[in-house]
Enquirer: 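My structure is below; once you've seen it, I'll send some questions.
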2 protein chains.
Amino acid sequence: MALVVQKYGGTSMGSIERIKNVAKRVAKTYDAGNDMIVVVSAMSGETNKLVALANEMCEFPDNSEYDVLVASGEQVSIALLSICLKSMGYKAKSYHGWQVPIVTDSSYSKARIEKIDDANIRADLKDGSIVVLAGFQGVDAQNRITTLGRGGSDTSAVAIAAALNADVCEIFTDVDGVYTTDPNICSDARKVEKISYDEMLELASLGAKVLQIRSVEFAKKYNVDIHVRSSFNENMGTMVTKEDKDMEAVLVSGIAYDKNETKIAVMRVPDKPGIAAKILSPLSDANISVDMIVQNVSDEGYTDFTFTVTKADFKKALVITKESAAAVDAKEVLTDENISKISVVGVGMRSHAGVATKMFETLAKEGINIQMISTSEIKVSVVVDAKYTELAVRVLHDAFGLADGVAQA
Amino acid sequence: MALVVQKYGGTSMGSIERIKNVAKRVAKTYDAGNDMIVVVSAMSGETNKLVALANEMCEFPDNSEYDVLVASGEQVSIALLSICLKSMGYKAKSYHGWQVPIVTDSSYSKARIEKIDDANIRADLKDGSIVVLAGFQGVDAQNRITTLGRGGSDTSAVAIAAALNADVCEIFTDVDGVYTTDPNICSDARKVEKISYDEMLELASLGAKVLQIRSVEFAKKYNVDIHVRSSFNENMGTMVTKEDKDMEAVLVSGIAYDKNETKIAVMRVPDKPGIAAKILSPLSDANISVDMIVQNVSDEGYTDFTFTVTKADFKKALVITKESAAAVDAKEVLTDENISKISVVGVGMRSHAGVATKMFETLAKEGINIQMISTSEIKVSVVVDAKYTELAVRVLHDAFGLADGVAQA
């Protein structure tokens with residue numbers, strides 16, 4: 001008898017009919033003799049609707065109360081799935097984050113899990129109940145509701161799998177698995193059978209929406225194998241797992257893009273030590289993550305300082321940056337909301353040179369101007385004008401030979 | 001400095017604009033130097049939407065999970081109002097039932113409050129926070145969410161007012177107060193300035209939708225004055241309070257109607273001791289409240305046994321009654337879903353005869369047939385065909401002289 005964690009996303013839970021299908025799938029695995037924990041997201045569209053209400057109320061909704069608001073979507077899902085399972089004759093019990101409890105820090109809307117108490121859930125599993133857990137939700141030390149950020153249900157699933165030492169963590173979604181790039185953009189994108197945690201981390205952080213990045217960090221840390229698969233068919237999906245020899249033989253495993261970033265440039269800053277900290281600290285104090293950061297070479301004692309933040313953080317970040325810019329005597333603050341980040345990812349890069357060069361050449365050949373560059377051990381990212389996104393993805397997918405599964409350096 | 005409890009219903013919380021108005025009203029009372037607890041319902045329509053989802057899922061949704069589902073509506077309201085108050089610069093903090101905690105029994109969807117721990121709320125009030133409490137919600141000893149039944153937010157408000165010994169409990173609603181009857185039916189219905197707990201109890205239990213019946217029971221038990229008033233204007237509403245001499249001078253204080261009941265008749269039951277219990281116990285075991293009960297005089301050793309239940313309980317009650325009817329060898333079970341209960345209410349009745357007679361005569365004059373009769377110390381109720389509802393209310397309102405405020409016996 002195994003302990004199986006299954007996570008169903010918003011699309012899989014998108015209607016009463018679909019929830020009934022989820023229940024059948026859960027029941028099948030339970031009937032095969034497994035203990036079951038099912039983690040669910042809000043019905044598709046619900047979270048967006050709640051976010052829209054908050055934004056209609058005021059420009060910067062209080063973070064703590066925002067979490068109370070958006071956590072209600074998952075509450076509806078756990079109740080409906082539990083009602084369905086019980087009407088089918090199964091023992092089932094819904095859990096909010098606070099009922100487990102899944103204890104997090106107090107970084108509302110981006111909370112990090114600190115501790116999971118498994119006693120209540122273990123008792124219910126022992127009793128034969130199917131545990132239906134609200135994804136996305138936690139509770140902090142002050143007994144306030146927290147949420148784990150968009151896509152946080154993935155993290156809930158992996159964390160609960162780690163805490164209870166589950167045998168499998170299956171993430172059911174509306175796609176068949178992880179692809180070499182977005183199949184909507186590139187018709188010859190190929191499903192990957194196996195991918196390393198590090199590659200998946202880069203892909204997730206670069207905008208491939210299959211898994212929330214923290215869920216992969218969690219999986220890597222606690223060595224949880226994640227099986228990403230479709231809730232609409234029985235096909236095998238993609239295993240996200242420890243790196244092995246096969247993976248290293250592939251130079252580039254995927255092309256990712258991210259249209260969710262915006263660029264803020266602080267122009268003509270006096271180039272003195274500590275400038276970067278003066279601009280960035282107020283942002284991190286406000287719990288805003290800065291992604292790419294570029295500082296130009298000094299020109300007559302002045303420099304330009306450019307960085308990217310998500311669209312969600314943009315308004316708040318701009319207000320803060322304008323204050324810091326004034327404080328450091330910068331000339332002005334420029335912004336660009338129409339950018340896209342394109343990245344090539346692969347653990348094979350570690351031992352092969354030339355990936356960046358090939359990437360830049362491929363883009364140049366199409367006349368696509370590169371605005372910012374950032375690299376890590378296993379990825380190269382560039383920022384380009386958003387209108388080139390699809391073109392850039394397609395030519396890079398082709399240049400790195402991803403369609404036929406043979407990498408070319 | 002007073003402690004004020006204000007409760008806003010679904011219509012008052014029905015849109016972002018309306019929630020902003022609620023916030024302004026709350027702020028005004030707070031700025032006048034009062035401590036504030038605000039109890040809110042789900043945005044209008046939301047609870048119905050959630051109930052519809054549950055009913056779409058299956059015929060008899062599990063009660064415990066049903067409560068998890070419907071409690072989410074209030075969660076949205078407390079978050080939005082807190083976000084609004086905070087954006088206006090006020091200290092505010094949302095509370096779920098479980099965060100207070102408001103401890104109830106485990107009668108899911110009809111839970112009764114057993115204990116309110118006031119320590120957390122007192123600390124926040126002392127800290128200058130406006131406490132925004134989800135109405136309708138509780139939590140049981142097993143840490144499962146419970147709800148107090150439709151309209152339960154009124155009870156939440158009165159209970160919290162009693163627990164914290166508040167100076168005022170204002171129930172804001174979409175009407176100006178308690179009327180002698182429904183103004184939608186009877187254009188000369190008159191607003192009542194003051195009404196006793198007992199009269200309000202009868203009116204509430206008889207279908208006057210202004211206050212949930214349990215809230216009035218609570219108010220009576222703990223002697224909480226309730227001020228029912230409109231959230232759309234500044235008019236004085238109706239005080240629900242202890243009985244006094246003025247009230248006794250009025251023979252009939254209101255006419256109520258209830259279209260929410262259905263009739264179930266168990267026909268030709270062998271008339272032996274214990275029959276009533278055999279039919280009614282399985283219903284109360286299933287937590288179904290039976291309202292009116294009539295048993296006919298025995299005819300050749302057989303009797304008919306008729307009772308009413310709410311429309312919500314009808315399907316379940318019918319299944320159970322058919323089983324009990326078979327067990328006691330009844331001939332058949334008949335039902336009528338098109339009935340209406342019409343009641344005249346007034347503490348003055350205690351010392352005056354003739355109210356029932358006048359009621360029956362008035363209805364007879366219009367050719368309205370009376371199907372069932374039930375009486376209490378301060379009310380007379382009859383069941384009639386639903387199509388006569390409006391006519392019956394109007395002629396009774398007129399016969400008892402309610403429009404001009406002079407009772408006639």
Side-chain angles (χ1 to χ4, degrees), chain A residues 15-17 19-20 23 42-43 46 49-50 52-96 98-101 120 124 132 134 137 139 142-145, chain B residues 15-17 19-20 23 42-43 46 49-50 52-96 98-101 120 124 132 134 137 139 142-145:
Chain A
S15 67
I16 294 291
E17 232 22 75
I19 294 174
K20 286 183 178 171
M43 295 171 81
E46 282 307 308
K49 212 183 295 173
L50 294 166
L53 282 174
N55 290 332
E56 200 185 332
M57 184 59 84
C58 67
E59 204 175 356
F60 301 120
D62 176 77
N63 277 334
S64 165
E65 300 297 347
Y66 177 91
D67 278 9
V68 173
L69 180 69
V70 295
S72 66
E74 277 67 21
Q75 179 165 346
V76 171
S77 290
I78 55 173
L80 288 174
L81 181 57
S82 300
I83 285 173
C84 188
L85 285 166
K86 282 184 157 179
S87 76
M88 291 161 67
Y90 291 88
K91 267 187 161 174
K93 190 158 153 192
S94 71
Y95 270 87
H96 292 77
W98 61 268
Q99 285 171 319
V100 177
N120 292 330
D124 279 323
V132 180
Q137 302 182 348
V139 65
Q142 287 74 45
N143 227 14
R144 304 298 301 167
I145 288 178
Chain B
S15 67
I16 294 293
E17 231 26 70
I19 294 174
K20 285 182 179 172
M43 295 170 81
E46 283 306 308
K49 213 185 293 174
L50 294 166
L53 281 175
N55 290 333
E56 199 185 332
M57 185 59 85
C58 66
E59 204 175 354
F60 300 121
D62 177 78
N63 276 335
S64 165
E65 299 297 347
Y66 177 90
D67 279 8
V68 173
L69 181 69
V70 295
S72 66
E74 276 68 20
Q75 179 164 349
V76 171
S77 290
I78 54 172
L80 288 174
L81 181 56
S82 301
I83 285 172
C84 188
L85 285 166
K86 282 184 157 179
S87 76
M88 291 161 67
Y90 291 89
K91 265 187 164 178
K93 190 157 153 191
S94 70
Y95 270 86
H96 292 78
W98 62 268
Q99 284 171 321
V100 177
N120 292 329
D124 279 322
V132 180
Q137 303 182 348
V139 65
Q142 287 73 48
N143 227 12
R144 305 298 301 168
I145 288 178

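Each chain gets a letter, A, B and so on, in the order its sequence line appears, and its residues count up from 1. Just so you know, these numbers use all the heavy atoms, side chains as well, and skip hydrogens, waters and symmetry mates.
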Enquirer: Rounded to the nearest 0.5 Å, what's the gap from CG on B:Asn143 to NE2 on A:His96? Could you check?
Expert: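 Output value for this atom pair is 10.5 Å.
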Enquirer: If you measure from NZ on B:Lys86 to CG on A:Asn63, what distance do you get to the nearest 0.5 Å?
Expert: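 Between atom NZ of B:Lys86 and atom CG of A:Asn63 there are 9.0 Å.
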Enquirer: Does any backbone or side-chain atom of B:Leu50 lie under 4.5 Å from a heavy atom of chain A? Answer side chain, backbone, both or neither.
Expert: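 Only the side chain of B:Leu50 comes within 4.5 Å of chain A.
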Enquirer: Taking all non-hydrogen atoms of both residues into account, name the closest pair between B:Ile83 and A:Cys58 and its distance.
Expert: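 That would be CG2-SG, 3.7 Å.
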Enquirer: Name all residues meeting the side-chain contact (heavy atoms from CB on, under 4.5 Å) criterion together with B:Ala42; count only those two or more places apart in sequence or in a different chain, and write none if there are none.
Expert: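 side-chain contact (heavy atoms from CB on, under 4.5 Å) check on B:Ala42 returns B:Glu46, B:Thr47, B:Glu74.
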Enquirer: Can you tell me which portion of B:Cys84 sits under 4.5 Å from chain A's heavy atoms? Options are side chain, backbone, both or neither.
Expert: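 Contact with chain A involves both backbone and side-chain atoms of B:Cys84.
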Enquirer: When heavy-atom pairs shorter than 4.5 Å are enumerated against chain B, which of A:Ser72, A:Gly73, A:Ser64 gives the highest number?
Expert: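 Counting heavy-atom pairs under 4.5 Å, the top option is A:Ser72.
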Enquirer: Side chains of B:Ile145 and A:Gln75: closer than 4.5 Å at any heavy-atom pair?
Expert: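 B:Ile145 vs A:Gln75: side chains touch.
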Enquirer: Roughly how far, to the nearest 0.5 Å, is CD of A:Glu56 from NZ of B:Lys20?
Expert: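 Spacing of NZ (B:Lys20) from CD (A:Glu56) equals 7.0 Å.
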Enquirer: Please look at A:Ala71 and chain B and tell me whether the side chain, the backbone, both or neither of the residue comes under 4.5 angstrom of a heavy atom of that chain.
Expert: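 Both the backbone and the side chain of A:Ala71 come within 4.5 Å of chain B.
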Enquirer: Let me see the working for B:Ser94 and A:Arg144 under side-chain contact (heavy atoms from CB on, under 4.5 Å), right down to the final yes or no.
Expert: CA-CA 9 Å; B:Ser94 70; A:Arg144 304 298 301 167; 3.0 Å; yes
Enquirer: What are the two closest heavy atoms between B:Ile19 and A:Met57, and how far apart are they?
Expert: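 Result for this residue pair: CG2-CE, 3.5 Å.
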Enquirer: Nearest 0.5 angstrom please: B:Leu80 CG to A:Glu65 CD, how far?
Expert: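 Between atom CG of B:Leu80 and atom CD of A:Glu65 there are 9.5 Å.
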Enquirer: Chain B: which of A:Tyr95, A:Phe60, A:Trp98 shares the most heavy-atom pairs with it under 4.5 Å?
Expert: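 Among A:Tyr95, A:Phe60, A:Trp98, the one with the most close pairs to chain B is A:Trp98.
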